[in-house]
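Worksheet: the structure to be examined is printed underneath.
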Amino acid sequence: MINMSIPSVNEQLEVIERGTVEIVPRVELIQKLEQSYKTQTPLRVKLGCDPTRPDLHLGHSVILRKMRQFQDLGHHTILIIGDFTAMIGDPSGANKTRPALTREEVVANGKSYFEQTSKILNPDKTEIVYNSEWLSPMNFEDVIRLASHYTVARMIERDDFTRRYQNNDTISLHEFLYPLAQGQDSVHLKSDIELGGIDQKFNLLVGRHLQKEFGQSQQICLMMPLLVGTDGSQKMSKSYDNYIGIDEKPEDMYGKALSIPDDLIYPYFELVTDIAHEKLPDIRKRAVADPRNTKHELAWILTRMYHGKDKADQARTYFERTVIRKDVPDDMPEFILKTDSNHGLLDVIKKTGFVPSSNEARRLVTQGGVTLDGEKITDPRYRFDIQKDSEMILKVGKRKFGKLIFRN
RNA sequence: GGGGAGGUACCGAAGCGGUCAAACGGGGCAGACUGUAAAUCUGUUGGCUUAGCCUUCACAGGUUCGAAUCCUGUCCUCCCCA
């Protein structure tokens with residue numbers, strides 16, 4: 001008998017359904033919850049992740065937060081590091097087949113992933129597994145046997161396959177194996193519930209299908225909406241550069257949060273903040289009535305969640321100062337320069353690392369994106385001619401500041 | 001296996017012997033503006049010791065005063081037929 005306390009089914013449902021976009025099938029979820037409650041046996045909740053790019057952002061947090069809720073309800077959660085499936089790469093069209101990661105990379109990425117998820121998940125309640133553990137030993141025969149449980153017609157129903165097929169884009173045969181591999185994970189782990197974004201629906205359903213083929217109880221597919229990124233149009237993703245990373249500096253987090261379009265204020269509150277559920281109706285109203293302040297509140301809460309109250313306060317001050325009042329921040333990196341040589345502006349900008357090339361520096365200067373002590377410098381041939389010890393504030397672009405210190 | 005069409009900068013896509021560092025759109029960056037790092041408008045978007053030079057149009061050779069553009073080979077993709 002496991003010593004635990006799983007709350008009543010209704011209590012659980014309320015939490016579980018919060019923010020979900022689809023639960024397939026809801027009735028079976030209720031059945032599983034009832035069974036679990038009756039026997040006080042935790043459900044096995046599975047979430048797969050791709051260890052290729054271990055930089056977590058708020059988009060990931062939507063599902064991780066859901067996972068956390070299951071932990072808090074007393075269920076058993078399993079985080080799969082998809083080190084094996086990463087070799088295939090989820091066939092989303094833009095993805096190309098990825099080179100196999102080395103053992104070291106996998107371990108390093110997995111570790112980094114775990115550390116990052118620990119900001120959201122309860123690390124003590126998270127079972128970590130690597131799917132190479134069971135996928136790697138499978139031989140050709142095993143794969144053929146697995147593949148025989150799915151049909152081509154059903155495979156190309158998946159919308160990105162359909163789209164790519166119609167567009168005459170390449171679809172490598174091995175990409176069909178990705179959903180199967182992910183489904184095999186469910187079979188192997190005998191999962192009761194698999195979490196995923198709504199874009200994962202196909203893969204999650206394959207898991208359900210395979211479990212049935214293998215005579216197991218079928219997992220519930222619980223799907224969360226995709227968080228729209230800061231650009232307000234596409235899903236949050238590192239490759240669209242519209243993301244807010246959970247490791248982001250407080251000031252960046254705050255600023256980026258403020259840059260979202262107004263109509264995302266409410267969804268963000270709902271999906272990625274820890275604000276109490278009862279407060280959401282009020283937020284919904286205020287997001288429309290007073291977007292400015294509500295958005296600042298959102299930015300503050302997010303920053304607080306990942307960096308604490310003090311940092312959140314500082315981030316707010318920083319934003320008000322540098323962006324609203326166009327003032328100079330307190331802290332900025334310092335660069336020490338000799339007074340004897342007369343430095344070229346472009347060189348100095350390049351040395352700060354604010355730009356990737358001197359051409360970029362030249363462009364910024366020419367376009368008026370560079371100031372020294374608040375004064376716009378537009379001559380790319382500008383040279384410093386400093387005799388005495390002194391300091392200057394260099395601003396490059398919208399928000400890169402550096403203190404130039406001239407000294408012998 | 002046979003026939004056809006292609007591989008161009010971050011992405012999509014023009015160009016088909018010189019005027020091409022390469023049109024146009026998206027994305028990025030910057031300026032103006034703004035409650036905002038939003039929207040909009042404008043500019044910009046290979047590198048460098050920048051009035052000039054260097055390296056790019058799948059890869060390797062070749063023709064030519066000169067090639068992204070022509071030829072040969074290689075690799076890769078798509079379509080039709082089998």
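Here the structure is a predicted model, which is why all the values come from computation and not from measurement. Residue numbers begin at 1 in each chain, while the letters A, B, ... track the order of the sequences.
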Just checking [X]: base, sugar-phosphate only, or nothing, at a heavy-atom cut-off of under 4.0 Å?
| X | value |
| --- | --- |
| A:D231 | nothing |
| A:D252 | base |
| A:G255 | base |
| A:L258 | base |
| A:Q166 | nothing |
| A:R399 | base |

Side chains of [X] and [Y]: do they bring a donor and an acceptor to under 3.5 Å?
| X | Y | value |
| --- | --- | --- |
| A:K46 | A:S186 | yes |
| A:N203 | A:Q200 | yes |
| A:H343 | A:R383 | no |
| A:Q314 | A:E251 | no |
| A:S8 | A:Q12 | no |
| A:D192 | A:Q219 | no |

Between [N] and [M], how far is it from one [atom1] atom to the other, in whole Å?
| N | M | atom1 | result |
| --- | --- | --- | --- |
| B:U44 | B:C24 | P | 10 Å |
| B:G17 | B:A82 | P | 38 Å |
| B:A67 | B:G1 | C1' | 35 Å |
| B:C16 | B:C70 | C1' | 10 Å |
| B:A9 | B:G4 | C1' | 28 Å |
| B:C41 | B:U49 | P | 36 Å |
| B:C76 | B:C65 | C1' | 34 Å |
| B:G3 | B:A13 | P | 27 Å |

Could you tell me whether the phosphate oxygens of B:U36, OP1 or OP2, come under 4.0 Å of any side-chain nitrogen or oxygen in A:S259?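 It does not, given that no N or O in the side chain of A:S259 lies less than 4.0 Å from OP1 or OP2 of B:U36.
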Output yes when at least one side-chain N/O atom of A:K295 is less than 4.0 Å from OP1 or OP2 of B:A37, else no.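 So the side chain of A:K295 is outside the cut-off, no N or O lying under 4.0 Å from OP1 or OP2 of B:A37.
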[N]: pairing nucleotide in any strand, Watson-Crick or G-U under 3.5 angstrom:
| N | value |
| --- | --- |
| B:A9 | none |
| B:G1 | B:C81 |
| B:G17 | none |

Quiz item: cation-pi between A:R321 and A:Y318, 6.0 Å / 45°: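 Checked: cation-pi criterion not met.
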Does NZ or CZ of A:K256 lie under 6.0 Å from the centre of the six-membered ring of A:Y243, at an angle within 45° of the ring axis?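 Judged by the rule (NZ or CZ under 6.0 Å from the ring centre, within 45° of its axis), A:K256 counts as positioned above A:Y243.
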Closest to the [X] side chain: [options]?
| X | options | value |
| --- | --- | --- |
| A:R363 | B:C48, B:U36, B:U44 | B:U44 |
| A:L364 | B:C48, B:A37, B:C29 | B:C29 |
| A:S358 | B:C29, B:U49, B:G35 | B:U49 |
| A:K376 | B:C48, B:G31, B:A37 | B:G31 |

Quick one: on RNA chain B, does A:K398 or A:P356 contact a more 5' nucleotide (nearest heavy atom)?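 The answer here is A:K398.
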How many Å lie between CD1 on A:I244 and C1' on B:A37, as a whole number?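 Taking atom C1' of B:A37 as the reference, CD1 of A:I244 is at 10 Å.
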Whole angstrom value for the distance that separates C1' of B:A37 from CE of A:M236: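 Taking CE of A:M236 and C1' of B:A37, I get 14 Å after rounding.
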Any donor-acceptor pair under 3.5 Å joining the side chain of A:Q367 to the base of B:G43?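 Yes.
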Find every protein N or O atom lying less than 3.5 Å from an N or O atom of nucleotides 75-82 of chain B, and list the pairs.
from, atom 1, to, atom 2, distance (Å)
B:U77, O3', A:T170, OG1, 2.8

Quick check: are there more than 12 heavy atoms from other residues, nucleotides or ligands sitting under 6.0 Å from CD of A:E14?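 Atom CD in A:E14 is not packed in, count stays at 12 or less.
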